[in-house]
Amino acid sequence: MEYQFSERIKTIKASAIREIFKLTADPAVISFAAGNPSPDAFPVEAVRQITADILKNEPVEALQYNITEGYLPLRNYVKETLLPAIGSFNPERDDAIIVTGGQQGIDLTCKVLCNEGDTVLCENPSFVGALNAIKAYNTNLVGIDLDGDGVNLEQLEKALKTEKNVKIFYTIPTFQNPSGITATLEKRKAVYELCKKYGVLILEDNPYGALRFEGEDVPTIKSLDTDGIVIYAGSFSKVLSPGIRVGFLSLPKEICAKVVVAKQVNDVHTNILAQMIAYNFVTKYDFDAHLERLRALYRRKCAFMLEQMDKYFDPRVTFTRPQGGLFLWATLPEDVDMMQFTRDAVAKKVAVVPGSAFLPHEETMISHSFRLNFSMPSEEQIETGIKILGEMTHAL
Ligand SMILES: Cc1ncc(COP(=O)(O)O)c(C=O)c1O
């Protein structure tokens with residue numbers, strides 16, 4: 001049988017990151033390629049206790065079907081506590097829905113808003129999971145270069161003006177994946193005004209915002225939203241556990257109603273036991289203290305990786321100095337073949353993700369950068385791995 005696949009799925013290629021993960025299965029490989037929280041970041045004992053209590057005291061609620069919008073206590077916590085704390089919920093205008101990770105939030109947003117051929121703008125580089133979700137709707141995906149303080153405004157305006165049927169600008173303004181860059185407040189305001197001027201919705205993806213280990217918080221774009229043009233995606237993946245798959249959207253009520261219908265046909269609702277675990281953890285345990293512990297852990301690891309890079313990397317290689325999140329982004333001189341560099345690194349048992357994996361169109365664009373993750377490796381691995389990469393940079 002020759003299987004005939006949809007045009008939709010043909011547009012999605014196997015993730016380069018997953019290919020690299022295959023290589024990192026070798027325990028001798030030091031991996032800076034992951035996107036995972038540190039194994040030390042999980043509140044294992046609390047989750048064990050919470051799960052046992054739920055199954056003892058509320059087994060039927062945990063095991064029964066529930067409503068698509070989400071487990072009510074968690075949804076209320078998101079609407080009344082978590083989002084208002086960052087100015088990202090307007091009760092007059094917005095609603096919130098619990099989704100199966102931010103990934104599903106991005107997918108459902110595109111599903112309800114984009115027709116085939118519509119344009120979606122994104123940062124260049126950007127989170128590959130979102131890029132694949134957007135491409136799967138056969139959209140015209142257009143990348144806008146990132147500057148050190150956020151997206152390039154001239155390019156953004158040009159694309160808003162000239163591309164056909166621009167529906168969404170997808171942005172990760174805080175501790176961006178893969179670059180670690182945080183957009184300034186001025187940039188956020190300018191992005192908001194431009195999208196408003198051209199009648200385009202903003203999808204603000206913020207899974208790392210609570211992981212700031214340096215500097216001052218910058219207001220979310222959602223908190224600037226006076227016109228109902230921002231859809232905000234949040235997640236418990238990086239602050240509690242990615243395996244439980246619990247995220248949320250804050251968005252204008254009319255759009256939320258459509259997302260509810262789309263989610264109903266997708267997975268009916270997000271796993272209720274997982275939602276109950278998240279709710280109990282954030283309300284009955286000291287969530288702030290947990291976040292502070294994560295920030296301290298990542299502050300230390302990021303500073304250590306930067307220290308080693310300062311020490312070992314050739315100064316012709318530049319890199320970002322993130323104030324939070326899980327990643328930093330190194331850029332090789334333009335005459336260097338970045339793909340060959342990452343292959344050579346794997347041969348020397350160090351894995352990084354080639355920047356090309358984060359390009360909106362890998363086939364036609366070039367990247368000189370690679371992504372490094374500091375949350376997963378131990379300090380010993382960071383020191384050894386960065387030294388190896390550093391020696392390679394001097395040999396370029
Ligand atoms: C920028 C960004 N958005 C969304 C996600 C998806 O996260 P989840 O679906 O686990 O909430 C990730 C995961 O790495 C990410 O980096």
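Both counts, for ligands and for their atoms, begin at 1 and track the order of listing.
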Identify, by atom number and element, the atoms of ligand 1 in contact range of [X], meaning under 4.0 Å from any of its heavy atoms.
X	value
Ile172	1 (C)
Gly102	8 (P), 9 (O), 11 (O)
Ser235	8 (P), 11 (O)
Ser237	8 (P), 10 (O), 11 (O)

With the threshold set at under 4.0 angstrom, would you say Pro207 reaches ligand 1 through any of its heavy atoms?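 Yes, Pro207 has heavy atoms under 4.0 Å from ligand 1.
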When you measure from [atom] to every protein heavy atom, which one gives the shortest distance, and what is it?
atom	value
atom 2 (C) of ligand 1	Asp205 OD2, 3.3 Å
atom 6 (C) of ligand 1	Gln103 N, 3.8 Å
atom 14 (O) of ligand 1	Lys238 NZ, 2.8 Å
atom 12 (C) of ligand 1	Phe127 CZ, 3.4 Å
atom 9 (O) of ligand 1	Arg245 NH2, 2.8 Å

Does one side chain, of [X] or [Y], offer a donor that lies under 3.5 Å from an acceptor on the other?
X	Y	result
Thr393	Asp314	no
Asn66	Tyr71	no
Asn138	Glu7	no
Gln275	Thr270	no

Which pair of heavy atoms, one from Glu362 and one from Ser356, lies closest together, and at what distance?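 Shortest heavy-atom contact: CG-O, 3.0 Å.
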Could you tell me whether Phe358 and Phe127 have their ring centroids closer than 6.0 angstrom?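 No, too far apart.
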Option set Tyr208, Tyr170, Phe327, Phe175, criterion heavy-atom distance to atom 15 (C) of ligand 1, minimum: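 When every heavy atom of Tyr208, Tyr170, Phe327, Phe175 is considered, Tyr208 comes closest to atom 15 (C) of ligand 1.
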Between Ile231 and Ile202, is any pair of side-chain heavy atoms under 4.5 Å apart?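 Side-chain contact under 4.5 Å: no.
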Under 3.5 Å, N or O to N or O, is Thr100 touching ligand 1 that way?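 No; every N/O pair is 3.5 Å or more apart.
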Measure from NZ or CZ of Arg371 to the centre of the six-membered ring of Phe327, then state whether that distance is under 6.0 Å and the direction lies within 45° of the axis.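 Yes, Arg371 lies over the aromatic ring of Phe327.
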